[in-house]
There are 2 protein chains.
Amino acid sequence: MKKPMDCLSSKSTELRIREAAERVFLEKGFDGATSRDIAEAAGINIALTNYYFRSKEKLFMQIFEDLVQLFFNGMVEIMNKPISLRDKIAELIEHDFQLLKNNPNLSNFIMNEVHRNPDRMASCIGVMKEIHHSMFEQQLQHEISLGNVRPIKALHVMPMAFANIQFLFIGKQMHMKMWQMDEAAFEDFINQHKQIVIDMVTSYLFDFKKE
Amino acid sequence: MKKPMDCLSSKSTELRIREAAERVFLEKGFDGATSRDIAEAAGINIALTNYYFRSKEKLFMQIFEDLVQLFFNGMVEIMNKPISLRDKIAELIEHDFQLLKNNPNLSNFIMNEVHRNPDRMASCIGVMKEIHHSMFEQQLQHEISLGNVRPIKALHVMPMAFANIQFLFIGKQMHMKMWQMDEAAFEDFINQHKQIVIDMVTSYLFDFKKE
DNA sequence: TTGGTATTTAAACACTTGTTTAAAAAAACC
DNA sequence: GGTTTTTTTAAACAAGTGTTTAAATACCAA
C-alpha cells in the first residue's frame with residue numbers, strides 16, 4: 001500500500017529542478033533549452049526531471065502557467081483597487097516596471113512562447129477573463145462620460161501603458177548596443193523613461209482639450 | 001580552370017532556399033528551425049542548403065543581417081529627410097507600422113535573436129552609427145532650444161515612437177486571445193491604435209506648457 | 001536489523017539534429 | 001558526339017535530443 005509521500009526531502013530537489021528550469025526556459029526558451037541544460041543548472045541527474053515531472057513539455061507548462069499568472073495577477077489586483085483612474089494607470093505602469101525589473105525576460109518569454117504555440121494560452125483564459133471583469137473598463141467609461149478622460153477604449157489604454165515599459169526590456173540588448181550603455185547606464189535610462197511614460201500617458205488621457 | 005558560375009539557373013534554387021529559410025527562421029527562430037524544415041519549405045534536398053550556404057549558421061547570419069538592414073534602413077532614411085520634426089516623428093511611426101504590417105514577426109525575431117546571442121549585432125554596427133549621425137538628434141535639440149519641443153533626449157523619443165507600434169505585433173497572438181479578436185478585428189484595432197499613438201507622442205512632445 | 005518504499009544514478013534507448021559523402025543527373029563546353 | 005563542370009540526390013555520419021530502464025542508494029517504519 002502506498003504511504004503518503006514525504007514531501008519534505010523530495011520537495012527540496014523537485015523545487016530545485018523547477019527553479020532551475022524556470023531560469024533556463026526564461027533565458028533560452030522552450031526550443032533552446034535542453035533537458036541536460038536544466039539538469040546541469042539544477043545540479044541533478046537528467047533522469048530526475050522525468051521522475052518528478054513526466055516530460056519536458058509537462059515541466060514547461062507548469063512553469064509557463066505560473067509565469068503567466070505572475071504576469072497578470074498583479075495587474076488584475078491593481079485594476080480592482082478602489083482608487084482614482086489616474087492613480088490606477090500610474091500604478092499599473094509602475095507595477096509593470098517593477099515586475100520586469102525583477103524578471104527582465106518575462107515579457108519576451110511569454111510573447112514568444114505564445115507566438116510559437118498559441119494553444120498554450122488555453123489554460124490561462126481564466127486570468128484574462130478577470131481583466132475583462134475588472135473595475136477598470138467601467139471606471140474608464142464612467143470618467144469618459146463625466147468628461148474627465150479623453151474618449152478611448154480600454155483596448156487601447158492597456159497596450160499604451162504596457163508597451164512603453166515592456167519594450168524597454170524586450171529590446172534591452174538592442175538598446176544597450178545602440179546607445180552604448182552598460183548595465184548602470186541602462187538602469188538610469190529605464191528609470192527616467194518610466195517617469196516620462198507615466199507623464200505622457202496620463203497627460204494624454206486626462207489633460208485634453210474638451211470641445 | 002574554374003569558369004565563372006552561370007548564376008541564372010542556380011540562382012533560382014539558391015534564392016528559393018534563402019526565401020524559404022527566411023520564412024522559417026522568422027516563424028520559428030534559429031533554435032526552432034531545423035535544416036529539414038527549411039529544405040521542405042524550399043522543396044529541395046537537405047544537402048543543398050549546405051551546398052549553397054556552408055552551414056545553418058552561415059545561412060542564418062545572411063538572413064539575419066538583411067533583416068536588420070530592413071529593420072533600420074527605412075528608419076535612417078526618414079531621419080535624414082529635410083522635413084519638420086513633427087512630420088518626421090509621425091512619418092517614423094507610420095513607417096514602422098507599415099514595415100511590421102508587412103513583416104509581423106520582424107521585431108519579435110530580431111529582439112529574440114539579439115537577446116539569445118548579442119554578438120550577432122556586431123556585424124550591424126554600421127547601421128546603428130548612421131542613426132547617431134543622422135539629422136534627427138540635432139534637429140530635436142534645435143527645436144528644444146527654440147522652445148518648440150519639450151526638453152527630452154533622443155534616447156527617450158525613439159523608444160517612445162517604436163515601442164507602441166512594435167508591441168502590437170510582438171504581442172499579436174496575446175492581444176487577439178485577450179480581446180477575442182480575429183484577423184479582421186485585429187487589423188482595425190492596430191489601425192486605430194497607430195493614429196492614437198501618433199497623436200499621443202506628438203502632442204506630448206510639441207503641445208506642452210512652457211514655464 | 002529487516003523489508004519495503006522513495007529517491008538517485010549510470011547507462012542505454014530510439015529518434016532527431018546538422019553535416020558530409022559519393023554517386024547520379026543535368027548543364028556547359030569543346 | 002565526348003568531356004568536364006555544376007547541380008542534385010540518396011544515404012550515411014557522428015553528435016545531441018527527450019525519455020526509459022534497471023540497478024544502486026537512501027530513507028523509514030516495524
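Throughout, a chain's letter reflects where its sequence line sits, starting with A, and its residues are numbered from 1.
- Here the P atom of nucleotide dT16(C) and the CG atom of D31(B) are 19 Å apart, to the nearest Å.
- The side chain of N45(B) approaches dA10(D) more closely than any other nucleotide in the set dA10(C), dA10(D), dG18(C).
- Counting only heavy atoms from C-beta on, S35(A) has its side chain closest to dG18(D) among dG18(D), dT8(D), dG18(C).
- Atom-to-atom, CD of E57(A) to P of dT17(D) comes out at 17 Å; the value is rounded to the nearest Å.
- Each of M158(A), M135(A), Q139(A) was checked for a side-chain contact (heavy atoms from CB on, under 4.5 Å) with M79(A), and the lone residue meeting it is M158(A).
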Practice item. Give the C-alpha distance, both sets of side-chain angles, the deciding distance and a yes or no for ring pair (Phe, Tyr, Trp, His ring centres under 6.0 Å) between F167(B) and H175(B). Key: CA-CA 10 Å; F167(B) 186 74; H175(B) 288 113; 5.5 Å; yes
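- One atom, NZ of K56(B), and another, P of dT19(C), lie 8 Å apart when rounded to the nearest Å.
- A33(A) comes within contact range of the sugar-phosphate backbone alone, with a heavy-atom separation under 4.0 Å but no base atom that close.
- Shown here is K153(B), whose NZ atom has no more than 12 heavy atoms of other residues, nucleotides or ligands within 6.0 Å.
- Atom CD in E40(B) sits about 17 Å away from atom C1' in dG18(C), given to the nearest Å.
- Rounded to whole angstrom, the span from the CZ atom of R54(B) across to the P atom of dT19(C) amounts to 11 Å.
- For T13(B), a side-chain nitrogen or oxygen approaches OP1 or OP2 of dT8(D) to under 4.0 Å.
- Remark on DNA chain D: of its neighbouring residues T34(A) and Y51(A), the 5'-side contact belongs to T34(A), judged by nearest-heavy-atom nucleotide.
- Atom CG of N50(A) and atom P of dT20(D) are 6 Å apart (whole Å).
- Across all strands shown, S55(B) has heavy atoms under 4.0 Å from sugar-phosphate atoms exclusively, and none from any base.
- Below the 3.5 angstrom threshold, one finds a donor paired with an acceptor across the side chain of R36(B) and the base of dG18(C).
- Atom CG of L48(A) and atom C1' of dA24(D) are 13 Å apart (whole Å).
- Distance from the side chain of Y52(A) is smallest for dT7(C) among the nucleotides dT20(C), dT7(C), dT9(C).
- Between F60(B) and F25(B), the ring centre distance stays below 6.0 Å.
- Nearest to the side chain of A47(A), among dT9(C), dT19(D), dT19(C), sits dT9(C).
- A cation-pi arrangement is found for K56(B) relative to F30(B), the charged atom lying closer than 6.0 Å to the ring centre and inside a 45° cone about the ring normal.
- Rounding to whole angstrom units, CD1 of residue I46(B) and C1' of dT9(D) are separated by 10 Å.
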